[in-house]
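What you are looking at is a predicted structure, and each value in this text was computed from that prediction instead of being measured.
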Amino acid sequence: MKALIHNYINLLSFSAFQNNADIQPMSAFKWDILFETAKLHNTLRLITHAIASGEYGNSIFLSSQAAQEINSSEKLTDKDFIAYTLNLSNDNNYFASYILNKRMRRIIYNEHHSIDTSVTSLELLILITRNTTDILNHGINILGILQLGVFLRAKGHKVDYVKLENWLHKLSLHDMAAYIGSILIYIFGLEENEIPFIGKSRKSSKYAIDRLMANTERILIRRHIYPDRYEQDRRLPSRKEITSSLRYWKYIPLETTSRFFTNSVRHITEIEE
């Protein structure tokens, strides 16, 4: 499993950040598992792009199915990261907490009507918010984390970090933003100076990928053994998903508590239906 995690992260880093890293030898079976993992986390195109680049020569031994995936995959472009649309309206529910939602809408409204409006700063705030929501609901969203990292490298110089720090403070998001930024540092190799809002890095983020891959392994096993039950259950937040958000209570207590009760009520309601 360690080799699989190592190769998965390094291939993603190559596609997203052009980081050259070594690839450990694996069997064709393990490469198939890596491809299944990439599909589950919507990162398959990044994996196929890295392998198809030829950077790793003949050190990768793929099954015929995996090789076919690479040959049939579309070319990776900047649109996969940068040219996505961020909804900056104040009609969205960004948080489960009513209080935080109200603050977020006020921030967006005030910034739109500010003399020195910084749309890029708002985009970064929304990316941090989306990643926070993903983590509290389902755990780390690899693609969301990578999008944040690529955004920082491409547009970070346009961000007003004084404004961003103020917004993070108002939304009680500073600790969660530091945790997310630490994932980019400890797992994907970005430098601290590329993430000015991080403050003090969180070493606990080192273990985020281990939890993600352990959960991925459980999902893949269940999907292969109980496909019908998997399709039925994945529409509901599982008890593990509901309670796992409490792990992040120390980073953002108000939102964690609100989301815990929201997901609990949703789970009970949909079971009754």
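Distance alone, capped at 3.5 Å, places no donor-acceptor pair between the His169 side chain and the Leu164 backbone. When atom types are taken as modelled, the side chain of Asn19 and the backbone of Phe14 share no donor-acceptor pair closer than 3.5 angstrom. Between the side chain of Glu194 and the main chain of Glu191, a donor-acceptor pair closer than 3.5 Å is present. Glu192 places no side-chain N or O within donor-acceptor distance of the main-chain N or O of Ile185, the cut-off being under 3.5 Å. When atom types are taken as modelled, the side chain of Asn10 and the backbone of Ile23 share no donor-acceptor pair closer than 3.5 angstrom. Looking only at distances, a side-chain donor or acceptor of Thr48 sits under 3.5 Å from a matching main-chain atom of Arg45. When atom types are taken as modelled, the side chain of Thr133 and the backbone of Thr129 share a donor-acceptor pair closer than 3.5 angstrom. Not one N or O on the side chain of Asn141 forms a donor-acceptor pair closer than 3.5 Å with the backbone of Asp134.
We find the NZ-CD1 distance between Lys170 and Ile107 to be 6.0 Å, quoted to the nearest 0.5 Å. For the atom pair His41 NE2 and Tyr8 OH, the distance stands at 5.5 Å (nearest 0.5 Å). Arg259 CZ to Ile252 CD1: the interatomic distance, rounded to the nearest 0.5 Å, is 9.0 Å. For the atom pair NZ (Lys2) and CD (Gln24), the distance works out to 10.0 Å, reported to the nearest 0.5 Å. Distance check, rounded to the nearest 0.5 Å: CG of Leu173 to CG of Leu254 gives 10.5 Å. For the atom pair Leu44 CG and Glu36 CD, the distance stands at 9.5 Å (nearest 0.5 Å).
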Practice item. Assess whether side-chain contact (heavy atoms from CB on, under 4.5 Å) is satisfied between Leu125 and Leu171, documenting all intermediate values. Key: CA-CA 10 Å; Leu125 177 65; Leu171 296 169; 3.9 Å; yes
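Phe29 is linked by a side chain to side chain contact (heavy atoms under 4.5 Å, CB included) to Ser27, Ile33, counting only residues two or more places apart in sequence or in another chain.
The aromatic rings of Tyr251 and Tyr179 lie tilted to each other, with the angle between the two planes from 30° to 60°.
Contact of the Asn101 side chain with the Tyr98 side chain is not registered, since no non-hydrogen atoms from C-beta on lie closer than 4.5 Å.
In this structure, Ile198 and Ala178 approach most closely via the heavy-atom pair O-CB, 3.2 Å.
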